[in-house]
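Worksheet: one structure, shown below.
Sequence lines set the chain letters: A, B, ... in the order given, protein chains first and strands last, and positions in each chain run from 1.
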Amino acid sequence: MENHYNFKSIEPKWQNYWAQNQYFKVSEDPNKPKYYDLEMFPYPSGNLHMGHVRNYAIGDVVARFKTMNGFNVLHPMGWDAFGLPAENAAIKHGHHPAKWTYANIENMKVQLNSLGISYDWDRELASCKPDYYKFTQWMFLKLYEHDLAYKKSAAVNWCPSCQTVLANEQVVDGACERCDTVVTKRNLTQWFFKITDYAQRLLDDLEILPGWPDKVKTMQRNWIGRSEGCQFDLPIENSSEIMTVFTTRPDTVFGITYMVLSPEHPLVTKISQGTPQEEQVKEFVQRMQFVSDVDRTSTEAEKEGVFTGAYAINPMNGERIPIWIANYVLIDYGTGAIMAVPAHDQRDFEFARKYNLPVRVVIKAADSPSDGESMSEAYVEDGCMVNSGIFDGLSVEEGKKQVIAYMQKEGVGQGTVNFRLRDWLISRQRYWGCPIPMVYCEKCGLIPVPEADLPVILPEDVEFRPSGESPLNYVESFYKTECPACGGPARRETDTMDTFVCSSWYFDRFCDPHNSSAPFSKEAVDYWMPVDQYIGGVEHAILHLMYSRFFTKFLHDINVLSCDEPFTNLLTQGMVLKDGSKMSKSKGNVVSPEDIINTYGADTARLFILFASPPERDLEWSDQGVEGSSRFLNRVWRAVTSCADDIKGISLPAQFGELDPEARKLRYKTHATIKKVSEDIEQRFNFNTAISAIMELNNMLNAYLDQDEQDLSVLKEAIETMVVLLSPFSPHICEELWQICGHQQSIYHESWPRYDVEALIQDEIEIAIQISGKVRDRMVVPASVSEEDLKVLAVAQPKIQELLAGKEIVKAIVVPGKLVNIVAK
RNA sequence: GCGGUAGUGGCGGAAUUGGCAGACGCGCUAGAUUCAGGUUCUAGUAGUCGCAAGGCUGUGGAGGUUCAAGUCCUCUCUACCGCACCA
């Protein structure tokens, strides 16, 4: 037998075997518990990177482990295949995005298979294929039908480089998340999904997701950004207009000393008209248009503004309040207008000091300032209302309630809830995306494409322009159409959908991927959904996961899905780093999975990436570490092959009679390892410690093999257990070793071992003896010794006697199975 | 600024419920095998004092609770991530 396992021949051999025998193909089986194990489907960029390897290695361990535990495991893979890189490649190199994309898919599929991941390839899907995007369009139509898709003109984020709009979520630090170009504003008519209708539910239901990391739930909570307060109206002096503001601090309403509109607010022109300040207002508004959002909204930006010349009337006390416009008020939050209470809001305070506006204290605690003039910062803590008429003396909390009640009674305002979440802008002015199934008819207006006419096919024969403008605008055969309602001439929508739409329901499609009449059958999704374990990078914590939850809730509401949340458990894996930073071409620190697989084999690559770090933490790539994993697999290979012939004839389970101490120890270790590995995989996802436990078993096995004689039943049990436990991590070598041990059936069809409680009973245990918390000695005692006897035995140890000489024993604490602590003085 | 996560040997990490800190692996040192090198095997490997037995110190820092603290509490430093003028 060879001294090294030959991964170059063994790995492809088993990959072919699995594929030919359709090992990973599953269908609904009502007799088995189902388990839906899903890794985030990749964008087909061309090559797998180490992050993918980590993601799919984790998912594969779970899939194989669950299968061996008797679950009917759905483990599918597909491609998030629409998107900008394909189109950019087309513009740059002249290849059609489809050709580029499909070539990449082919390549990455080969790479995935060379890793030995257990996918049911019969369920493969690609979001750019008409049989898939037909139903993405169907989703759009359903949303439209339920008034959750609408068109509106709005100032939108525009990336001048990508020549397309971006969702708020895709703008990072004021720049395009994809190309880092500074994002500008444009007024465009665009399609939106009304995700805000689901804001409260998206927030509330985070509570019913105990299987999600708190970090992700917190991020979603912050993104939804619920705040409670009230909205109320202020009449504008000498005008029929009113201004409406939102505030979370109605208790400070008597402290208003000025009002602020955002520069984009529609009232600005109206109320400043004819005032002496009209010109300066115009100038300010114009100037603000050219200040980018990054600069506008940065905390460091100096607050500035101008007086409009108009006044509002405080409905609570009739006071006349100057209306300003300022950069620090945003048009798209709340009502785009605020009441300013400089005494109790730091931003208002800074602004008031700069422009010499009055500061009036209306909340007072025992040690808080009472004089606005001398304050150096806003007082935002708790206290009681003062200078507030009939509300004086109320606490902040009580004051909020009473003021809202009063406003409601007087008809000037009411309690409201505001969210920071905005509607989801889904229009993209690009070619390589899912066409929006709408037409514009001169007579009938906006008309949805009838379901029966889906899919609206993305034309293949198009010309790409360096400008980046969507080629669809120039394809007459595409945009020229008939109105589905009146049959007259009509024009198709030429914008395509944000790719996040495609990825918001793919997990449903995997349940029934070949259905041509519906996105999926109710039976299929009722069997498989929700996803039991979802695994992917934390970078999708907000966008993809929020959109998918929204889609799931909507599909639930229209009764095509039973579940209300798509992902029961979520594992967010850390990044793979090299030399302390993220792998990237520009840094030149990229490690190619292909090279690693060629040099060390897939089993080694998988093992290392799982061993080096727990999955949620970032992982530092180490070539030397990979060597170590390779060495371990070779040690396993040698241990198993060296004794395979001796144990072949032994049948298990055996009756274990009187065993010598070494055999007993090995048997104990075998079963302790089963327990440890099972719990580490199932309860903690700590694959690193599961693997180290298998290494320990292998170490003890090797020591046992060095002995002159072995108990072959114990040996066989240890050897085969080790191979089975290792098989989800490094499946190829384990298949081969399993066969070498004389088994006809694939290890994939083995049941996961159960530990024998009897084997875990030890006759003797080592007990640490502490004196006042410091370990001073150890003793080996029979496991059955009582607590009282343990104390006596501990004190009787010669070394302990020595140390206790002249001291009085105050008490002794026994931790069963672990230690005795003698407290002496 | 707010929110979160983390900080343990030369390195990756372990210690799961307050109970023996450093499992497992890498690296390193010495030796054996082979000998051109790699592979493989054995022993050692937190710091420090000591010939040794053994002692002392030690989980970012400072306090505290406890028989017992990497783990709990208070304060604090650092790194990373998310949000950021959200009224």
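The partner of B:A32 is B:U40, judged by Watson-Crick or G-U wobble contacts that both fall below 3.5 Å. Across all strands shown, B:U16 remains unpaired; no Watson-Crick or G-U wobble contact has both distances below 3.5 Å. The base-pairing partner of B:G47, taking Watson-Crick or G-U wobble contacts with both distances under 3.5 Å, is B:C56.
In the interface, the side chain of A:K303 is paired with the base of B:C85 through a donor and an acceptor atom under 3.5 Å apart. The base of B:C67 sits within donor-acceptor range of the side chain of A:N821, with an N or O pair under 3.5 Å.
On the C1' atoms, B:C67 is 28 Å away from B:G60, given to the nearest whole Å. Distance noted for atom P between B:A84 and B:A79: 22 Å (whole Å). Only the P atoms considered, B:G25 is 15 Å distant from B:U45, to the nearest whole Å.
As rounded to whole Å, 13 Å separates atom P of B:G25 from atom CD1 of A:I694.
Side-chain polar atoms of A:R776 and A:Q797 form no donor-acceptor pair below 3.5 angstrom.
Note that CZ of A:F246 and CG of A:N418 are 4.0 Å apart. Values are rounded to the nearest 0.5 Å.
The listed nucleotides are B:G82, B:C24, B:G13; the one nearest the side chain of A:N688 is B:G13.
We find that A:R353 and A:E350 are not joined by a salt bridge, their nearest charged nitrogen and carboxylate oxygen being 4.0 Å or further apart.
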